[in-house]
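Step one of this worksheet: look at the structure below.
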Amino acid sequence: MTIHTVAEKVIAGERIDAGEALFLYRKAATALLGQLAESVRQRKHPERIVSYIIDRNVNYTNVCVAKCNFCAFYRPVGSSEGYVLGFDELFRKIDETMAVGGVQLLLQGGHNPDLPLTWYEDLFRAIKERYPAFKLHALSPPEVIHLSRLSQLPVPDVLERLIAAGLDSVPGGGAEILVDRVRTLLHCVGKATADEWLDVMRHAHRAGLRTTATMMYGTVETDEERIEHLMRLRSLQDETGGFTAFITWSYQPAHTELAGTEATGVDYLRTLALSRLVLDNFDNLQASWVTQGGKVGQLSLAYGANDMGSVMIEENVVRAAGASYCMDEVEIVRNIEDAGFTAKRRNMHYELLGDPIFRERDVPRMLELATAREDGDVSVPEELLKYPARSRAGKQLRIIPN
Ligand code: SF4
C-alpha cells in the first residue's frame with residue numbers, strides 16, 4: 001500500500017477500509033488529507049454552499065449520575081450547584097431564539113434521577129402547544145437509555161412516547177469513542193456501551209427520526225480506536241441511512257477529573273479530513289468552531305466540512321471545560337463568505353431555508369454567550385414539585401414547607 005494508491009481510490013470514489021484509513025492518518029501530509037477531503041466534499045456538494053442553523057443549545061439540568069471523568073459540566077445529585085430549568089425558563093429561551101430567527105432547540109442534559117419520563121413528555125407537549133413549528137432536537141442516546149432504565153420501558157417504547165410528545169430528532173451526543181475499552185477508561189461505559197449507543201440510533205432511525213453522529217477524540221483512545229469509531233458509524237449508516245451529519249470535536253480537559261492536554265488544531269483538521277474520507281455515506285460534516293475557534297472553524301471548510309453548525313446563543317458544557325467561543329449569525333456568515341462559499345440557513349434535515357436572516361430583517365447581535373441560568377441560581381421550578389423524585393435529595397426538595 002502506498003499513499004498514492006489509497007489517494008487514487010479516494011479520488012475514484014471507492015471506499016477505503018480501516019487499514020487504509022489508518023495508513024493515511026499516520027502517513028499522509030496534512031495538506032494532502034485536506035485536498036482529498038475537499039475533493040469528496042466537492043463531489044457531494046458541488047454548489048459551494050456552506051449551511052448553518054440558528055438554534056439554541058440548552059442544557060435542562062446539570063444533575064447527573066453518570067459521572068463521566070471527562071465532563072466538567074455535571075453536578076452530583078444533592079449538589080448545591082445542581083439545577084433543573086423550569087418550563088417558563090425554557091419558553092423564554094425559545095422566545096429569544098425565535099427573535100433571532102431560530103428554528104429549534106438542541107436540548108440535552110444530565111442523567112437526573114429526579115426527572116421522570118412524564119416530565120419530558122409534558123415539557124415537549126407544552127413546547128409544541130405554544131410553538132407548533134419549532135423543532136426539538138433532543139436527548140442524546142445515553143439520555144434515552146437513562147429514561148429507559150428509570151421508567152423500566154424498552155428503548156423503542158421510550159422513543160415512541162417521546163415522539164408522540166413532540167421529539168423531532170436525536171442529537172448524536174454521548175458517543176465519545178464507540179469502543180468499550182475507551183468507554184471503560186472514561187467512566188462512560190455504564191451510561192451506554194458502544195452497542196447500546198448504536199442501538200438507540202438504530203431504533204430512532206427505524207422510528208422515522210433523523211439523527212446526527214459525533215465523536216469526541218483526544219482522550220485515551222488509540223488511532224485504531226478512532227478509526228473503529230468511524231467504521232461503526234459507517235456500517236450503521238449503511239444499514240439505516242438515518243444520520244444527517246457527523247460532528248467531531250476534541251476533548252476539552254480544563255476542570256475535568258481526567259485532565260490532560262487538548263489535541264492540536266492540526267490534529268483536528270487531520271481527524272476531520274479523515275472522517276470525510278471514511279464516512280463516504282454521510283452527506284454532511286460540521287465544523288466544530290465551538291471547540292476550535294472561528295478561524296480553525298473556517299479552515300475546516302477546506303478539510304471536508306460543508307456546514308458551520310449552529311449559531312451559538314447559549315453554551316454550558318464546553319464552556320465548563322474551558323473553551324468559550326462565540327459567533328452570532330453575522331460572524332458565521334462572514335467566516336463562510338470570506339472562505340469563498342455562499343452562506344445559507346438550514347433546518348435539522350439540512351434543507352435550505354434561505355439567505356442569512358440578518359439581511360432580511362433587523363436581528364439583535366449576540367456578542368456574548370448566554371448560560372442556562374445566572375451563576376448561583378438554583379431556584380426550583382414550581383412544576384417540578386408535581387413529579388416524583390427518586391433520590392433522597394430530590395425527595396427532600398419536593399417537600400413543600402407549611
Ligand atoms: S458527559 Fe453527560 S452523562 Fe457524562 S457526566 Fe457529563 S452530563 Fe453526565
Side-chain angles (χ1 to χ4, degrees), residues 51-62 73 83-110 112 115 118-139 143 162-163 165-171 290 308-319 324-333 344-349 351 353-387:
S51 51
Y52 62 93
I53 189 166
I54 305 178
D55 71 354
R56 184 166 185 155
N57 191 347
V58 174
N59 302 107
Y60 54 90
T61 181
N62 64 347
F73 167 70
Y83 73 82
V84 175
L85 294 180
F87 290 11
D88 283 340
E89 287 172 281
L90 286 154
F91 297 154
R92 184 175 47 74
K93 288 173 187 290
I94 294 173
D95 288 334
E96 290 169 2
T97 307
M98 290 172 73
V100 293
V103 292
Q104 74 171 15
L105 276 194
L106 166 52
L107 191 64
Q108 300 179 104
N112 188 332
L115 295 179
T118 47
W119 181 87
Y120 295 84
E121 291 179 299
D122 291 349
L123 173 64
F124 289 8
R125 288 212 164 86
I127 290 174
K128 288 293 180 173
E129 202 173 301
R130 280 174 89 112
Y131 313 95
F134 200 75
K135 300 293 180 197
L136 289 170
H137 183 44
L139 307 185
E143 289 166 272
L162 292 170
I163 292 168
L167 177 68
D168 292 296
S169 56
V170 173
V290 178
M308 281 293 257
S310 167
V311 164
M312 209 37 74
I313 298 170
E314 171 171 338
E315 211 294 315
N316 305 287
V317 175
V318 176
R319 188 213 308 254
S324 74
Y325 294 106
C326 176
M327 285 209 282
D328 67 357
E329 192 193 24
V330 174
E331 261 309 283
I332 284 197
V333 169
K344 294 275 184 195
R345 280 180 293 121
R346 66 161 171 88
N347 62 16
M348 190 271 157
H349 291 110
E351 295 155 348
L353 300 179
D355 293 330
I357 201 106
F358 70 87
R359 294 201 175 124
E360 289 176 7
R361 62 177 163 90
D362 271 350
V363 287
R365 293 289 314 261
M366 313 231 17
L367 302 175
E368 265 183 36
L369 286 173
T371 50
R373 279 226 173 131
E374 295 291 316
D375 266 358
D377 179 359
V378 286
S379 54
V380 179
E382 210 182 301
E383 77 273 346
L384 196 58
L385 304 174
K386 288 193 318 199
Y387 298 91

- Query: Is it true that atom CD of Glu360 has more than 12 heavy atoms of other residues, nucleotides or ligands lying nearer than 6.0 Å?
  - Reply: yes
- Which of parallel (below 30°), tilted (30 to 60°) and perpendicular (above 60°) describes Tyr387 and Phe87? tilted
- Item | Set of residues satisfying side-chain contact (heavy atoms from CB on, under 4.5 Å) with respect to Asp168, sequence neighbours excluded | Lys128, Lys135, Leu136
- Message: Quick check against the 3.5 Å criterion: does Arg373 have a side-chain atom that pairs as donor or acceptor with the backbone of Ser379?
- Response: yes
- Non-hydrogen side-chain atoms of Lys344 and Asp355 separated by less than 4.5 Å: yes
- First locate atom OG of Ser51, then atom CG of Leu353, and finally report the distance between them rounded to the nearest 0.5 Å. 10.0 Å
- Asn59 (side chain) donor-acceptor with Gln108 (main chain) under 3.5 angstrom: yes
- Could you label the plane-to-plane angle of the Tyr120 and Tyr60 rings as parallel, tilted or perpendicular, counting under 30° as parallel and over 60° as perpendicular? perpendicular
- Going by an N to O cut-off under 4.0 Å, is there a salt bridge joining Arg92 and Glu96? yes
- Message: How close do Ser169 and Pro171 get, counting heavy atoms only, and between which atoms?
- Response: O-CD, 3.9 Å
- State the CG-CG distance between Asn62 and Asn112, to the nearest 0.5 angstrom. 8.5 Å
- Atom pair CD/CD1 of Glu329 and Ile54 - distance to nearest 0.5 Å: 4.0 Å
- Item | Leu107 and Leu123, any side-chain heavy atoms less than 4.5 Å apart | yes
- Message: How long is the straight-line distance from OG1 of Thr97 back to CD of Gln104, given to the nearest 0.5 Å?
- Response: 10.0 Å
- Taking the side chain from Arg345 and the backbone from Pro356, do they hold a donor-acceptor pair closer than 3.5 Å? no
- Task: Taking the side chain as every heavy atom from C-beta outward, state whether Arg359 and Val333 have any pair of such atoms under 4.5 Å apart.
- Result: yes
- Item | Minimal non-hydrogen separation, Asn347 against His349, with atom names | OD1-N, 2.9 Å
- Query: Once you round to the nearest 0.5 Å, how far does CG of Leu90 lie from CZ of Arg56?
  - Reply: 9.5 Å
- Item | pair Tyr52-Arg346: side-chain heavy atoms closer than 4.5 Å | no
- Query: So which heavy atom on Gly102 is nearest to which on Phe134, and how close?
  - Reply: O-CE1, 3.8 Å
- Where do Ser310 and Ile332 come nearest, in terms of heavy atoms and distance? O-CD1, 3.8 Å
- Query: Taking the side chain as C-beta and beyond, is there a heavy-atom pair between Ile127 and Phe91 under 4.5 Å?
  - Reply: yes
- Message: Could you walk me through whether Leu384 and Leu115 satisfy the side chain to side chain contact (heavy atoms under 4.5 Å, CB included) test, starting with their C-alpha distance in whole Å, then the side-chain angles of each, then the deciding distance to 0.1 Å, before giving a yes or no?
- Response: CA-CA 8 Å; Leu384 196 58; Leu115 295 179; 3.4 Å; yes
- Task: Output the distance between atom CG (Leu167) and atom CD (Glu121), rounded to the nearest 0.5 Å.
- Result: 11.0 Å
